[in-house]
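One-based numbering, in listed order, for ligands and for the atoms of each.
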Amino acid sequence: MALTLYNTQTRKKQPFEPLDELSVGMYVCGPTVYDLAHIGNARPIVVFDVLYRLLRSIYGADCVKYVRNITDVDDKINAAAKESGEPISAITARTTEAFHADIAELNALPPDVEPRATDHIAEMVEIIEALIASEHAYEKDGHVLFHVPSDPGYGKLSHRDRDEMVAGARVEVAPYKRDPADFVLWKPSAEDLPGWDSKWGRGRPGWHIECSAMSRKHLGVTVDIHGGGADLIFPHHENEVAQSECSCPGHDFVRHWVHNGFLSVNGEKMSKSLGNFITIRQALEGAPGEVLRLMMLSTHYRKPLDWTDDGVEQARTRLDRLYRILAKADGLSEARQVAKSLDGDKFSNAILDDLNTPLALSELERRADDLSKMSAQELQQSLPGFLANADLLGILQKEPEAWFKGGEAESDVGQIEAQIALRLAARKAKDFAAADNIRDALAENGIILEDRPDGSTDWRRAG
Ligand code: AMP
Ligand code: ZN
């Protein structure tokens, strides 16, 4: 069975066919680094990590390139800096570090490239210039705007009509706009804000152009898969299509659009004002990352996911049960070394069918029950395939003993980085005693911390 994925643009499940099987590209919109990531942000991380693992298994790890950006220039970051008085570079460095630490706990593999927007200003300017030259964009009062009526294809991804688009984009009606739907490619920066010199004056990019530039730079003009949460379909992704395709006519920007559904908490939309906002870090205080991951995967990625304490406890019970079965199996480490590809079983069929992870998980559990009844010889045969499937879901990554000890080896990099991020947060809150305790506890385990001038922290092993 071949991989099929639902494509937001065609609104159909379609066979996934990359442009070049030797070089499969996936771009996923990453975080804007101004605050700790919440469990809603964790959903695309986990969903696209499963897709990444699956693509690597189908095409080979060397033939898949996963690019997930860091948005480190944005008005939300500027606002956070203004409020706290902390330098922008310190906010973005600290938040990026915390993001890495948090998602490592969720067993998310790092992407192949993690471009930062501020390193791609020249590429953004190049696309903006091409859009101006072809009259898809215009300059007015230091702003450069994309002129939506110049693009007959605009709206093809989100399937919205013009009135819905203008309302949905909640774009300001500004005097420098020719049309209310026009959106910003470049805007002027006052001296106290991040800015780059350009022919339109000192300014900074709009958010949408960042992704068009970074995906083109790292994956070429056509990307096999572009993903993110469903909230990004409009206006972010619609605008990316407009910018990318109008600046490179004749080439589709994306072959396959994949979007995850939204996560709510106890049936309510998660938001700061409702007070039901859960950071990944807070969720990790209650349950190990692998439990949170299994909770995410027990609902199909396109469906809404409701986060409840009961749901987390059910995920923990399911994982405990699987680990208990593994704990009784001999030859676990040897079995982990055996490479296995998808073998046409029910598990593979489920995951290949638009990432049906709930079905794949129940199939894995059924197979675990079989394993628990097998002879040593049968187990030797079946264990590698079982573990390879668990690996595709990114679960059962620990040794059962470590799992039941409630902790893992001190050497675990994700844990060390999580501690470092906690220490930075404590220092920021001027809780120096707590920060020193964390430093001392790490030192006892042979981990030495070194603070850098930009506010981030390096670590190394002693001796
Ligand atoms: P942001 O930093 O807000 O741009 O979000 C980063 C990623 O998280 C994007 O792909 C969003 O679509 C996704 N996201 C944000 N909130 C949620 C949520 N409640 N449920 C699912 N995905 C979300
Ligand atoms: Zn994006």
For [X] and ligand 1, does the shortest N/O to N/O distance drop below 3.5 Å?
X: Leu263; answer: yes
X: Gly40; answer: yes
X: Lys76; answer: no
X: Asn41; answer: yes

How far apart are the closest heavy atoms of Val33 and Ile70, and which atoms are they?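 Scanning both residues completely, I find the closest heavy atoms to be CG2-CG2, 3.7 Å.
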Can you give the angle His236 NE2 - the Zn ion (ligand 2) - Cys211 SG, rounded to 10°?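 An angle of 110° at the metal.
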Rounded to 10 degrees, the angle SG of Cys29 makes with OE2 of Glu240 at the Zn ion (ligand 2):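 An angle of 100° at the metal.
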Is a donor on one side and an acceptor on the other found under 3.5 Å between the side chain of Asn41 and the backbone of His38?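 Judged by distance alone, yes, a pair lies under 3.5 Å.
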Please check if the side chain of His120 supplies one atom and the backbone of Arg116 the other of a donor-acceptor pair under 3.5 Å.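 Present.
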Using 30° and 60° as the class limits, which term best fits the ring planes of [X] and [Y]: parallel, tilted or perpendicular?
X: His208; Y: Phe183; result: perpendicular
X: His237; Y: His259; result: tilted
X: Tyr176; Y: His143; result: parallel

Enclosure of Glu139 CD (heavy-atom neighbours >12, cutoff 6.0 Å):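 Enclosed.
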Heavy-atom neighbours of Asp62 CG exceed 12 at 6.0 Å: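 Not more than 12 within 6.0 Å, no.
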Under 2.8 Å from the Zn ion (ligand 2), is there any N, O or S atom belonging to His208?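 Of the N, O and S atoms in His208, none lies under 2.8 Å from the Zn ion (ligand 2), which means no.
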Below 2.8 Å, can you find an N, O or S atom of His237 next to the Zn ion (ligand 2)?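 Given the 2.8 Å cut-off, His237 does not count as a ligand of the Zn ion (ligand 2).
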I need the single residue from Phe146, Trp200, Trp196 that forms a ring-ring contact (aromatic ring centres under 6.0 Å, His included) with Trp186. Which is it?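 Passing option: Trp200.
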Against heavy atoms of [X], which atoms of ligand 1 measure under 4.0 Å?
X: Thr32; result: 2 (O)
X: Asn260; result: 21 (C), 22 (N)
X: Asp231; result: 11 (C), 12 (O)

Closest approach of any protein heavy atom to [atom], naming residue and atom:
atom: atom 13 (C) of ligand 1; value: Pro44 CG, 3.7 Å
atom: atom 17 (C) of ligand 1; value: Phe262 CZ, 3.4 Å
atom: atom 16 (N) of ligand 1; value: His38 CE1, 3.4 Å
atom: atom 10 (O) of ligand 1; value: Gly229 N, 3.0 Å

Heavy-atom nearest neighbour of atom 9 (C) of ligand 1 within options Leu232, Thr71, Asp74: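 Minimum heavy-atom distance to atom 9 (C) of ligand 1 goes to Leu232.
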Assert yes or no for the condition that the ring centre distance of His226 to Phe253 is strictly below 6.0 Å.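 Centroid separation for His226 and Phe253: below 6.0 Å.
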With a 4.0 Å cut-off, would you call Lys140 and Asp182 a salt bridge?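 Not counted as a salt bridge, because no side-chain N and carboxylate O are separated by less than 4.0 Å.
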Look at ligand 1 and say whether Gly261 reaches it with a heavy atom at a distance under 4.0 Å.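 Flag set, Gly261 near ligand 1.
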